[in-house]
Amino acid sequence: DGNDKITEQDALTQINQTRILLEKDSISDNDSILNSAIKYFAECENNERLAECYYLQGEIFNRNRFYIRASESYAQAMLYAENDKILQGNILLRQAVISRFKMADKAENEYLTKAYRIALELNDSLLMAEVMHEKALSELKREPPKGLHYMSEALIWLPRKEQDKYGVY
């Protein structure tokens, strides 16, 4: 049945359309939007694109509050993201947030520690700022002074060009 065959260009277009919809925050709960792209890149054994697809699928689930399914998609993305440290860091951050939501403190801390190591290794100030921000949110309820310390660390790490986007003045 040749009707369900898509080209690489079709699959890339699906990825780009999904990114745009996520950026505009106008993504529906249609989690099947990437299914044919996932199938295409799986057949081609393109792990980099598969990781991207599963991450975006996780983002769709996450936005629609399907946290268990989001976590599963992020875990799939991690399996294929072996060469993309930035993507790994972002996946770990998302998994940490989901773990906090599930009140799984140990898992949350493990994800944040791994994301912290990647941010350090890459010297990625934006990723580090996001890790510190998530650590702050994690600590604020338990130990407010520690939470505030991490929040100020997040602000220190946040690149100047990103500060407007995050409302830092």
Side-chain angles (χ1 to χ4, degrees), residues 15-27 29 31 33-34 47-169:
I15 289 173
N16 289 330
Q17 287 175 336
T18 303
R19 283 192 178 286
I20 291 166
L21 290 171
L22 283 165
E23 281 173 25
K24 290 181 175 178
D25 207 22
S26 60
I27 196 87
D29 59 359
D31 58 356
I33 189 171
L34 290 164
N47 288 356
E48 185 180 334
R49 292 291 183 197
L50 266 176
E52 187 177 9
C53 286
Y54 281 118
Y55 176 77
L56 291 171
Q57 189 177 60
E59 293 290 89
I60 294 168
F61 287 135
N62 204 354
R63 295 275 172 91
N64 290 298
R65 296 179 177 84
F66 299 124
Y67 299 120
I68 293 170
R69 293 180 76 189
S71 184
E72 290 167 354
S73 291
Y74 293 139
Q76 279 294 116
M78 195 62 135
L79 293 175
Y80 295 106
E82 65 263 338
N83 298 319
D84 189 341
K85 291 282 188 186
I86 292 173
L87 182 57
Q88 288 176 17
N90 285 315
I91 292 166
L92 292 164
L93 276 176
R94 296 301 191 277
Q95 293 284 42
V97 172
I98 291 170
S99 296
R100 182 181 328 122
F101 179 76
K102 295 190 311 190
M103 296 181 191
D105 294 348
K106 187 173 186 251
E108 177 191 8
N109 195 41
E110 287 172 10
Y111 286 127
L112 288 175
T113 299
K114 289 176 184 174
Y116 174 80
R117 287 188 189 126
I118 289 173
L120 264 184
E121 178 187 334
L122 297 176
N123 195 25
D124 185 322
S125 56
L126 181 57
L127 181 58
M128 185 63 82
E130 290 174 345
V131 169
M132 291 298 149
H133 179 252
E134 293 306 330
K135 283 179 90 58
L137 294 177
S138 180
E139 293 293 339
L140 275 170
K141 286 182 185 165
R142 289 189 296 260
E143 293 183 55
K146 200 172 184 181
L148 291 173
H149 164 75
Y150 285 124
M151 195 60 79
S152 64
E153 283 288 312
L155 293 174
I156 290 167
W157 279 98
L158 190 63
R160 196 83 39 245
K161 67 178 187 251
E162 298 290 332
Q163 290 182 359
D164 287 345
K165 187 166 84 175
Y166 287 91
V168 177
Y169 302 102

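Residue indices begin at 1 and follow the sequence shown. As the structure is a computational prediction, the values presented were derived from the model and not from experiment.
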Say you draw a straight line from [atom1] of [X] to [atom2] of [Y]; how long is it, rounded to the nearest 0.5 Å?
| X | Y | atom1 | atom2 | value |
| --- | --- | --- | --- | --- |
| Lys146 | Leu148 | NZ | CG | 13.0 Å |
| Gln76 | Tyr80 | CD | OH | 5.5 Å |
| Ile33 | Gln57 | CD1 | CD | 10.5 Å |
| Lys85 | Arg117 | NZ | CZ | 11.0 Å |
| Ser73 | Ile91 | OG | CD1 | 10.5 Å |
| Asp84 | Asn47 | CG | CG | 11.5 Å |

Worksheet entry | Exceeds 12 heavy-atom contacts within 6.0 angstrom, atom CD1 of Ile86 |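 No, not enclosed.
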Item to complete: Decide if atom CD of Glu82 counts as having more than 12 heavy atoms of other residues, nucleotides or ligands within a radius under 6.0 Å.
Response: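 Atom CD in Glu82 is packed in, count exceeds 12.
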List the atom of [X], the atom of [Y], and the distance in Å for their closest heavy-atom pair.
| X | Y | answer |
| --- | --- | --- |
| Ala115 | Gly89 | CB-O, 4.0 Å |
| Gln88 | Ala81 | NE2-O, 2.7 Å |
| Ala77 | Ala51 | CB-O, 3.4 Å |
| Ala136 | Gly147 | CB-O, 3.3 Å |

Using modelled atom types and a 3.5 Å cut-off, is there a donor and acceptor pairing between side-chain atoms of [X] and backbone atoms of [Y]?
| X | Y | result |
| --- | --- | --- |
| Thr113 | Asn109 | yes |
| Arg100 | Glu108 | no |
| Ser138 | Glu134 | no |
| Asn64 | Ile60 | yes |

Check whether any side-chain heavy atom of [X] lies under 4.5 Å from a side-chain heavy atom of [Y], and answer yes or no.
| X | Y | value |
| --- | --- | --- |
| Asp25 | Arg63 | yes |
| Tyr116 | Met132 | yes |
| Leu92 | Leu112 | no |
| Ile98 | Gln95 | yes |
| Arg19 | Glu52 | yes |
| Leu93 | Leu127 | yes |
| Val97 | Asn62 | no |
| Glu130 | Asn90 | yes |

Worksheet item: Can Glu153 and Lys135 be said to form a salt bridge (charged side-chain N to carboxylate O under 4.0 Å, His left out), step by step?
Response: CA-CA 10 Å; Glu153 283 288 312; Lys135 283 179 90 58; over 6 Å; no
Worksheet item: Mind checking whether Tyr74 and Tyr55 have parallel, tilted or perpendicular rings, split at 30° and 60°?
Response: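 Tilted.
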Worksheet item: Could you go step by step and tell me if Lys106 and Glu110 meet the salt bridge (charged side-chain N to carboxylate O under 4.0 Å, His left out) rule?
Response: CA-CA 6 Å; Lys106 187 173 186 251; Glu110 287 172 10; 3.5 Å; yes
Item to complete: Dump the intermediate steps for side-chain contact (heavy atoms from CB on, under 4.5 Å) on Glu59 and Arg94, then the final yes or no.
Response: CA-CA 9 Å; Glu59 293 290 89; Arg94 296 301 191 277; 2.9 Å; yes
Worksheet item: Are any of the side-chain nitrogens in Asp105 or Arg142 under 4.0 Å away from the carboxylate oxygens of its partner?
Response: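 Answer for the salt bridge query: yes.
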Discussion item. Check this for me: does any side-chain nitrogen of one of Glu72 and Arg69 sit under 4.0 Å from a carboxylate oxygen of the other?
Written reply: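 Judged by the 4.0 Å cut-off on N to carboxylate O distance, Glu72 and Arg69 do not form a salt bridge.
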